[in-house]
J.: 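The following block contains the structure, expressed as structure tokens.
Below, all heavy atoms of this structure are taken into account, side chains as well, without hydrogens, waters or symmetry copies. Letters go in sequence order (proteins before strands), and every chain restarts at 1. Remember, predicted model here, so these are calculated numbers, not experimental data.
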Amino acid sequence: MALRLYDTKTATVRDFEPLQPGRVSLYYCGATVQGRPHVGHVRSAVAFDILVRWLEHSGYDVLSVRNVTDIDDKILEKSAASYAADFVPDEDYPAGEPWFALAYRFEQAFHEAYDALGVRRPRYEPRATGHMTEMFTLIRRLIDAGHAYPTTDDSGDVYFDVRSWPAYGELTRQRVEDMQDAPDADPRGKRDPRDFALWKGHKDGEPESASWDSPWGRGRPGWHLECSAMSTKYLGPTFDIHGGGLDLRFPHHENELAQSAAAGDGFARYWLHNGMVTYEGEKMSKSVGNTISPEEMLASARPVAVRYFLGQAQYRSQLDYRPSSLAEAEAAVDRIETFLARAGEVEEIAPGDAVPEGFAAAMDDDLNVPAALAVLHDTVRAGNTAWDAGDRGTAVARAREVATMASVLGLLDVPSPSRAADDAGHAALASLVEGLLEERAEAKAAKDYARADAIRDRLTAVGVQIEDSRDGARWSLARGTDKEAAHG
RNA sequence: GGUGGGGUGGCCGAGUGGCGAGGCAGCGGCCUGCAAAGCCGUAUACGCGGGUUCGAUUCCCGUCCCCACCUCCA
């Protein structure tokens, strides 16, 4: 069975056949680095991380590119605001910060969030500001082809001519005539209100450092242009997959497609869009106050549980967060880890190449992670059953499959800052706990259950969980609350 | 107004024209000195009204509601 993916442009599930056998070129939209990452950003990143992992598991060499939009209106606005006399700095926005410093700072914040969740970095992460000449070339091509024009006023703007491109709207199946005009649209020098900026002329009051000399005057690039220019540079005029959040379909991806296609490029062959994250069914919004940030999630649950939560729904589905979500994810992850730890007592469990057929079929079916997780959990059960029956060989075999599946879903690569952060402390703790467990074993042997239970209660009280087995007691640090990983 | 996606048991969340995925929570049982972990069992679920069909949650029609996008947005 081969991979099938839902393609937004054709609105169908299609067999995935890469341009070049064995190689996949993937471009997906990263963030505009104007603020701290929110849950939606990391959900998208996890979704595409799972795609890349599954492609690689399937034997493809994946060339992935994710852009960093480090120049745009919001970045400039926020920087400008930080210089205002009445500006009140907070922990996210200090006073007097240049736009490029602000952008770079948040770019790093995104990296921290991605890293914390085990999202692997793409092969390249190009920044918009580093690709001016590539953008000039694309604008030139569009003007020469009659699909773009510099305004006749003195603004220095260059626009894409929507009316010159009959296919405009093909990605989202909209007709230009049906589109609602933006209420606050400033027609400026546009021929049509839907025309969008390829190049924005420099305006008085904007920092000189935020503009570049171009054949059409000093200015800065429009948002959509960078993706067309950079994807072409790193992946070629035609590439396999273009991804991003559902909210980017229009206008961002529609405009990218129009630009690149009008310039004569094949552009993306498959369009993938991940669903939004909601809070108890409602769109997260700062004004409503129903938001939760990746940091807050990481403070209340282990990173691996956060990752599990973010990846557990099918990527196109809306992912609903509610206060109990992370505890549920934590429980599910615990179940998997407990089994792997059991089998790990027999021999080391490392991910291999083989996954159960049902898992592969689910992943090939447009990355049906929920169905894949069902197979994973079934395999855990089968392994536990074998373990309880004393069949260690089968248990270990199942554990290998579980580890492989978990690895494909990115659950084994999530850093666990707690443990690694303090090996010495952990060793000391282990020594103390094991001493107490020996005492407890002696008490149990003497049928002094009061004393045995007192020792267990004492350990439980400080977050050390005890599990008895025929081979003796096993201990682990209680999860869920995860005092260890709590961020300070 | 236009475009697209949804409404599944206490919660999350797949899926299918007919043998009720999976996780979490609950209940009963096995195991255990007691727990924990594990295993087994346990639910008159598919927004509403019609229709097609031997049979629909799954197809068709209507209807209600929700969400996203059409302005910066993962």
J.: Can you give one letter per nucleotide of nucleotides 6-18 of chain B, 5' to 3': B if a protein heavy atom sits under 4.0 Å from the base, S if only from the sugar-phosphate, - if neither?
T.: -----SSSSS---
J.: Evaluate the ring planes of A:Phe267 and A:Trp271, with Trp represented by its six-membered ring, and classify them as parallel (under 30°), tilted (30 to 60°) or perpendicular (over 60°).
T.: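 Aromatic pair A:Phe267/A:Trp271 classed tilted.
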J.: Report the distance from atom CG of A:Leu409 to atom C1' of B:G23, rounded to the nearest whole Å.
T.: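 Atom-to-atom, A:Leu409 to B:G23, this comes out as 14 Å.
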J.: Between B:A21 and B:C12, how far is it from one C1' atom to the other, in whole Å?
T.: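 13 Å, rounded to whole Å.
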J.: Of all heavy-atom pairs between A:Arg53 and A:Gly118, which one has the smallest distance, and what is that distance?
T.: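 Minimum heavy-atom contact is NH2-O, 2.9 Å.
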J.: Classify A:Gly243 by what it touches in the nucleic acid, base, sugar-phosphate, or nothing, heavy-atom distance under 4.0 Å.
T.: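 The residue A:Gly243 makes no contact with any strand.
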J.: Using a heavy-atom cut-off of 4.0 Å across all strands, would you classify A:Phe250 as base, sugar-phosphate, or nothing?
T.: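 The answer is sugar-phosphate, as A:Phe250 gets under 4.0 Å only of primed atoms, P, OP1 or OP2.
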J.: Just compare B:C72, B:A68, B:U3 and give me whichever is closest to any side-chain atom of A:Lys74.
T.: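 From the listed options, B:C72 comes nearest.
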J.: Could you run through nucleotides 34-41 of chain B and give me one letter per nucleotide, 5' to 3': B if any protein heavy atom sits under 4.0 Å from the base, S if only the sugar-phosphate is that close, - if neither?
T.: BBBBSSS-
J.: What contact category does A:Gly245 fall into here, base, sugar-phosphate, or nothing, at under 4.0 angstrom with non-hydrogen atoms?
T.: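 Sugar-phosphate contact only - A:Gly245 comes under 4.0 Å of backbone atoms but never of a base.
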J.: What is the distance from NE2 of A:His252 to C1' of B:U71, rounded to the nearest Å?
T.: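 Rounded to the whole Å, the gap is 15 Å.
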J.: If you look at every strand shown and take non-hydrogen atoms under 4.0 Å, does A:Val42 touch a base, only sugar-phosphate, or nothing?
T.: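 Counting heavy atoms under 4.0 Å across all strands, no contact is made by A:Val42.
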J.: What is the distance, rounded to the nearest whole Å, between atom CD of A:Glu170 and atom P of B:G2?
T.: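 Distance check: A:Glu170 CD to B:G2 P gives 22 Å.
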J.: Quick check on RNA chain B: between A:Ala450 and A:Tyr308, whose nearest nucleotide comes earlier from the 5' end?
T.: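 Its nearest nucleotide lies further toward 5', so the answer is A:Tyr308.
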J.: Can you figure out which of B:A74, B:A68, B:G22 approaches the side chain of A:His38 most closely?
T.: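 Ranking B:A74, B:A68, B:G22 by closest atom to the A:His38 side chain puts B:A74 first.
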J.: What would the secondary structure line of RNA chain B be in dot-bracket form, counting Watson-Crick and G-U wobble pairs under 3.5 Å, with [ ] for pairs that cross earlier ones and | for pairs with another strand?
T.: (((((((..(((.....[...))).(((((.......)))))....(((((..]....))))))))))))....
